[in-house]
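Structure, as C-alpha cells:
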Amino acid sequence: MSNEKPFPEPTPVSAPFWNALREKKIKIQYSPSSDEFVFYPRLLAPRTLADDLEWREISGLGTLYTYTVADRPTAPPWSDALPQTLAVVQWDEGPRLSTELVDIGDLELSVGMRVEPVFCDYPDRDITLLRYRPVSL
C-alpha cells in the first residue's frame with residue numbers, strides 16, 4: 001500500500017476553481033437566480049435548479065466555523081503530518097469549505113476567529129491547494 005498522498009483531480013465542472021488557485025485567486029460559482037454564492041462546483045444552482053451559475057472571484061477571507069486536531073493519522077498517507085488541524089471555514093461570501101489550518105504554531109484556536117487563505121503549490125502535481133491560517137495582525 002502506497003503512502004503517497006492523494007491529490008484532487010479537477011473535472012470539467014471544477015476546473016475553473018483549480019485554475020484560479022494556481023493564479024492565487026479564489027473563484028467560486030454564483031447563482032443570479034438565488035442571489036448567492038455556491039460551493040462545491042456543480043452544473044445547476046441549488047434550490048432553483050437554474051442553469052445560471054457563473055464563476056466569480058471572492059476574497060477568500062472567512063471565519064473558522066469548526067475544527068479538530070487529529071493526533072492520529074486520518075489515513076496512512078498522513079502518518080508523517082501530525083498533528084493535522086482539519087477545519088471548516090465559512091467564507092464571508094457564504095459557503096463553507098473543508099480545509100486544513102497551517103501556520104498556527106502554539107496559537108490558541110477558537111471558533112469564530114478570522115482566517116485568511118494560504119495557497120500551497122505542488123508543481124510536480126500541477127495543482128495548488130487552498131489552506132487557511134489565522135489572519136495576520
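Bear in mind the structure is a predicted one, so any value in this text is a computation, not a measurement.
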Please answer: with hydrophobic residues joined when any side-chain heavy atoms are less than 4.5 Å apart, are [X] and [Y] in the same cluster?
X      : Y      : answer
Ile104 : Tyr67  : yes
Phe119 : Ile58  : yes
Val135 : Leu109 : no

Under the rule for side chain to side chain contact (heavy atoms under 4.5 Å, CB included), what residues qualify as partners of Arg125, not counting sequence neighbours? Glu4, Phe7, Tyr122, Ile127
Excluding sequence neighbours, so at least two apart, what forms side chain to side chain contact (heavy atoms under 4.5 Å, CB included) with Asp52? Ser31, Pro32, Ser33, Ala45, Ala50
Of all pairs that satisfy salt bridge (charged side-chain N to carboxylate O under 4.0 Å, His left out), the ones with a partner from residues 90-101, not counting sequence neighbours: Asp92-Arg114, Glu100-Arg131
Quick one: [atom1] on [X] to [atom2] on [Y], what's the gap to the nearest 0.5 Å?
X      : Y      : atom1 : atom2 : value
Asn19  : Lys27  : CG    : NZ    : 9.0 Å
Met113 : Leu101 : CE    : CG    : 8.0 Å
Leu61  : Tyr132 : CG    : OH    : 7.5 Å
Thr68  : Gln84  : OG1   : CD    : 10.0 Å
Leu130 : Ser98  : CG    : OG    : 11.5 Å

Measure across [X] and [Y] and return the closest heavy-atom pair with its distance rounded to 0.1 Å.
X      : Y      : value
Pro41  : Gln29  : CA-OE1, 3.2 Å
Arg133 : Asp103 : NH1-OD2, 3.3 Å
Ile28  : Pro95  : CD1-CG, 3.9 Å
Val89  : Gly62  : CG1-CA, 4.3 Å

Looking at side-chain heavy atoms only, is the closest gap between Val88 and Leu97 below 4.5 Å? no
Side-chain touch Thr99/Val115, heavy atoms, less than 4.5 angstrom: no
How about OH on Tyr65, more than 12 heavy atoms from neighbouring residues, nucleotides or ligands closer than 6.0 Å, or not? no
Members sharing Val102's hydrophobic cluster (side chains within less than 4.5 Å): Val118
So which residues get pulled into Leu53's cluster when ILVMFWY side chains under 4.5 Å apart are joined, directly or through others? Val38
Are Asp121 and Lys24 close enough, and set up right, to give a side chain to side chain contact (heavy atoms under 4.5 Å, CB included), and what steps lead you there? CA-CA 9 Å; Asp121 293 321; Lys24 309 300 184 263; 2.7 Å; yes
Please, which pairs that meet ring pair (Phe, Tyr, Trp, His ring centres under 6.0 Å) have at least one residue in residues 23-57, sequence neighbours excluded? Phe17-Phe39, Tyr30-Phe37, Phe39-Trp91
